[in-house]
Amino acid sequence: MQTEVVRVDRTKIDAYVMEKAGKILKSGGLVAFPTETVYGLGADALDWEAAKKIYAAKGRPSDNPLIVHIADIEALSKIVKEIPEAARKLSKAFWPGPLTMIFEKKECVPDGTTGGLSSVAVRMPSDEIALALIRQGGGYVAAPSANRSGRPSPTTAQHVYEDMEGVIPLILDGGAVEIGLESTIVDLTGSYPVVLRPGFISLEMLREVVQEVEMDKGLIAEDSSIPPKAPGMKYRHYAPKAELKIVEGEMERVISYINKKAMEEPGVGIICTEETSKHYHAGLVKCIGSRREERSIANHLFAILREFDKEQVTRIYSESFESPGLGQAIMNRLLKAAGHQKVQV
Ligand code: AMP
Ligand code: MG
């Protein structure tokens with residue numbers, strides 16, 4: 001299959017291109033498209049034969065459910081049994097945007113789309129290209145990140161092309177994404193909302209809207225005794241080809257540990273920040289952004305992991321990014337990429 005990449009200008013969306021992309025979705029095909037979080041791989045969410053193609057293209061385990069993307073709030077009640085009060089408040093505050101909510105599903109959502117679960121994950125993205133595509137594609141687009149399963153999520157159309165060339169007919173290229181980390185997932189099927197995946201919308205931001213919100217215990221457990229509630233969170237993910245280790249501790253000690261490793265071992269890559277880059281004297285040093293600008297760190301994370309795949313490195317050491325804001329989401333992705341390998345110094 002030939003994969004076409006078509007540039008779309010967000011300020012002047014080409015109706016002809018969107019109509020063509022919508023037709024592919026309606027006839028059961030796949031289209032990759034930008035959202036504000038990462039690039040998505042879209043299919044008609046209500047057509048199980050179509051959504052199945054997503055699993056095949058990504059090599060995704062069949063028990064890992066898909067997020068259904070909608071373009072207007074009216075679409076929600078057609079696919080979910082009940083919209084709890086907390087969900088109404090959260091949708092008012094954060095939709096369209098990087099928040100996914102989980103509801104009990106109606107019959108019309110195929111079991112395949114939800115990995116056999118009786119619940120469905122729904123999000124309304126804010127990216128204008130994504131919204132136009134959802135409208136053209138019938139209103140319900142299942143779209144996981146458009147990478148091969150296990151690889152870092154794509155934040156540019158080029159990343160999608162690297163993983164999906166020859167596998168899908170069309171990639172809509174809207175340039176680099178705005179956020180660069182996947183959506184925050186909140187489960188609304190229980191007696192209070194629970195965060196199943198941290199994202200751009202932090203626990204603090206959620207608590208400003210609904211007071212009682214908790215983190216899934218499976219996410220914070222240091223050991224694997226409590227499994228995470230989102231099926232996808234148990235898989236190794238975002239992994240670069242080289243082995244990745246996160247180094248935690250006081251910054252001076254972190255720098256000296258990584259410097260020592262880079263001098264002793266061949267093929268070392270280093271993920272550091274603008275504040276620390278000048279202190280590294282060996283290895284291949286890549287700067288992820290400034291600690292004063294958490295958003296830039298989030299935005300460059302996946303791209304930097306992919307960049308290392310093109311370099312001659314066998315082991316990557318990364319500084320750690322604990323912080324009350326975006327730090328939780330950044331560390332969640334980084335730890336998964338590292339297969340939870342941490343060094344305390
Ligand atoms: P991705 O589409 O790659 O961003 O992954 C979607 C994430 O949402 C995965 O971690 C899924 O396991 C999770 N997810 C999707 N639907 C549900 C659901 N109904 N219940 C719990 N987690 C879900
Ligand atoms: Mg993904």
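Atoms within each ligand, like the ligands themselves, are counted from 1 in listed order.
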Atoms of ligand 1 less than 4.0 Å from [X] heavy atoms?
| X | answer |
| --- | --- |
| Ser119 | 18 (C), 19 (N), 20 (N) |
| Ile67 | 6 (C) |
| Asn64 | 9 (C), 11 (C), 12 (O) |
| Leu117 | 18 (C), 19 (N), 20 (N) |

Quick one: do Tyr317 and Ile271 end up in the same hydrophobic cluster if we chain Ile, Leu, Val, Met, Phe, Trp and Tyr together by side-chain heavy atoms under 4.5 Å apart?
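Different clusters: Tyr317 never reaches Ile271 through Ile, Leu, Val, Met, Phe, Trp or Tyr contacts under 4.5 Å.
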Same hydrophobic cluster for Val195 and Phe103, using side-chain heavy-atom links shorter than 4.5 Å among ILVMFWY?
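Yes, because Val195 and Phe103 connect within a single hydrophobic cluster, where side-chain heavy atoms sit under 4.5 Å apart.
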Please check if any side-chain donor atom of [X] sits under 3.5 Å from a side-chain acceptor atom of [Y], or the reverse.
| X | Y | result |
| --- | --- | --- |
| Ser153 | Arg333 | no |
| Glu319 | Thr276 | yes |
| Thr100 | Arg197 | no |
| Glu243 | Thr314 | no |

Would you mind checking which non-hydrogen protein atom is closest to [atom], with the distance to 0.1 Å?
| atom | value |
| --- | --- |
| atom 8 (O) of ligand 1 | Ile185 CD1, 3.1 Å |
| atom 12 (O) of ligand 1 | Gly232 N, 2.6 Å |
| atom 20 (N) of ligand 1 | Ile102 CD1, 3.3 Å |

Polar proximity ligand 1 side, [X] side, N/O cut 3.5 Å exclusive:
| X | value |
| --- | --- |
| Pro65 | no |
| Arg197 | yes |
| Glu182 | no |

Is the distance from the Mg ion (ligand 2) to the nearest N/O/S atom of Ser149 under 2.8 Å?
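No, outside the cut-off.
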Mode of Thr114 contact toward ligand 1 - side chain, backbone, both, neither (heavy atoms, under 4.0 Å):
neither
Considering only heavy atoms, does Thr100 approach ligand 1 within less than 4.0 Å through its side chain, its backbone, both, or neither?
neither
Heavy atoms only: which of Ser153, Pro144, Ala146 is nearest to atom 2 (O) of ligand 1?
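Selected option, by shortest heavy-atom distance: Pro144.
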Does [X] pair with [Y] as a salt bridge, N-O distance under 4.0 Å?
| X | Y | result |
| --- | --- | --- |
| Arg123 | Glu36 | yes |
| Lys20 | Asp14 | no |
| Arg292 | Glu274 | no |

Arg60 near ligand 1, heavy-atom distance under 4.0 Å?
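True for this residue.
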